[in-house]
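What follows is a single structure, written as structure tokens, with notes after it.
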Amino acid sequence: MARRYECTDATDRKTGLREAASAVRRGELVVLPTDTVYGIGADAFSPDAVGDLLEAKGRGRNMPSPVLVGSPNTLHGLVTDFSESAWELVDAFWPGALTLVARHQPSLTWDLGDARGTVAVRMPLHPVAIELLKEFGPMAVSSANLTGHPAPQDCDAAQEMLGDSVAVYLDGGPTADSVPSSIVDVTGTTPVLLRAGAVSAEELRKVVPGLEVAS
């Protein structure tokens, strides 16, 4: 049966974070708040756990799971061929609502779906999420909704959709905004905006003037 912890209470938050990290280590799923919407998370390096995440959402391998990190320094072990422009975007917008699609280190043995050698990675601007990521490490995290349903802005909506497929729910209250993160592809020489979201093209171009927008 799923367990839920109210992270607005200091004691419950501490217990919840400990239990969530333990659940992820066991290969189970957790729901956590982020700065955009609630996410469902799993151990990024456990193919079985990532498979369970996709199954819980009713999502196919053609839509691989993004990865959340608790620090920009984590990128050094995850990505390769990371350009100067990519680091400038990290410096300007992390933690925050910017997802970067980069080439992952070929030595990594994870299976996030049909990602074709890339990973979509982000550092969220939410204290509960950051604490969990620092406690556990990189996690595969996707919006905590059934595919085709709206992404949840509170824990109730996430739990109503996902139920007991999730071991631990971390309730951090309503999220500040329902706007998803912007997604920028940094695998090439020129950054390309794949999805406009919380960070506008104009804001991004203040950091990387040559940013292109996917047609």
Side-chain angles (χ1 to χ4, degrees), residues 24 29 34-37 39-125 129 133 136-145 147 151 179-199 201 203-205 207-208 210-215:
V24 178
L29 306 179
T34 78
D35 48 337
T36 54
V37 296
I40 178 173
D43 180 354
F45 296 97
S46 169
D48 288 342
V50 175
D52 288 344
L53 184 157
L54 296 176
E55 183 178 350
K57 284 177 59 71
R59 184 169 178 167
R61 286 178 53 81
N62 61 314
M63 299 178 69
S65 176
V67 169
L68 295 189
V69 297
S71 167
N73 290 333
T74 308
L75 285 172
H76 294 290
L78 299 182
V79 301
T80 186
D81 300 327
F82 210 62
S83 66
E84 183 177 343
S85 294
W87 282 115
E88 288 172 349
L89 289 169
V90 167
D91 290 341
F93 298 108
W94 279 20
L98 177 65
T99 298
L100 298 176
V101 177
R103 299 196 183 283
H104 70 69
Q105 292 280 3
S107 60
L108 295 180
T109 57
W110 58 19
D111 181 4
L112 302 169
D114 296 332
R116 298 174 183 170
T118 67
V119 59
V121 63
R122 182 168 89 87
M123 180 182 177
L125 181 58
L133 292 162
F136 177 78
M139 289 176 56
V141 179
S142 183
S143 56
N145 60 295
T147 298
V179 181
S181 66
S182 298
I183 302 177
V184 174
D185 185 338
V186 294
T187 59
T189 54
T190 302
V192 178
L193 179 61
L194 301 179
R195 181 180 76 186
V199 183
E203 291 175 281
L204 293 165
R205 284 196 173 110
V207 177
V208 284
L211 177 85
E212 296 179 357
V213 177
S215 55

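Quick note: residue numbers are just sequence positions, from 1. Just so it is clear, the model here is predicted, and its values are computed rather than measured.
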Subject >> Step-by-step side chain to side chain contact (heavy atoms under 4.5 Å, CB included) determination, Ser83 to Glu88 >> reply: CA-CA 9 Å; Ser83 66; Glu88 288 172 349; over 6 Å; no

Distance (rounded to the nearest 0.5 Å) between [X] [atom1] and [Y] [atom2]:
X	Y	atom1	atom2	result
His76	Gln105	NE2	CD	11.0 Å
Thr80	Arg103	OG1	CZ	9.5 Å
Leu194	Thr99	CG	OG1	10.0 Å
Thr189	Asp81	OG1	CG	12.0 Å
Leu125	Leu98	CG	CG	12.5 Å
Leu53	Asp43	CG	CG	11.0 Å

Kindly give the heavy-atom pair with the smallest separation between [X] and [Y], and that separation in Å.
X	Y	value
Val207	Ala92	CG2-CB, 3.6 Å
Phe93	Glu203	CZ-O, 3.6 Å
Val90	Pro72	CG1-CB, 3.8 Å
Val141	Gly39	CG1-CA, 3.9 Å
Asp114	Asn62	OD2-N, 4.0 Å
Val67	Pro138	CG1-CB, 3.9 Å

Answer yes or no: is there a side-chain heavy-atom contact under 4.5 Å between [X] and [Y]?
X	Y	value
Pro66	Ile183	no
Val119	Leu78	no
Arg61	Asp111	yes
Ser85	Val186	no
Val213	Arg205	yes
Arg122	Thr34	yes
Leu89	Leu204	yes

**OP:** Can you label the angle between the Trp110 ring and the Phe45 ring as parallel, tilted or perpendicular, going by 30° and 60°?
**Re:** parallel

**OP:** Consider only side-chain N and O atoms of Ser181 and Thr36, and report whether a donor and an acceptor are under 3.5 Å apart.
**Re:** no

Original post:
For the side chain of Ser71 and the backbone of Asn73, is there at least one donor-acceptor N/O pair under 3.5 Å apart?
Top reply: yes

Original post:
Just by modelled atom types, is the Lys57 backbone N or O under 3.5 Å from a matching donor or acceptor in the Thr147 side chain?
Top reply: yes

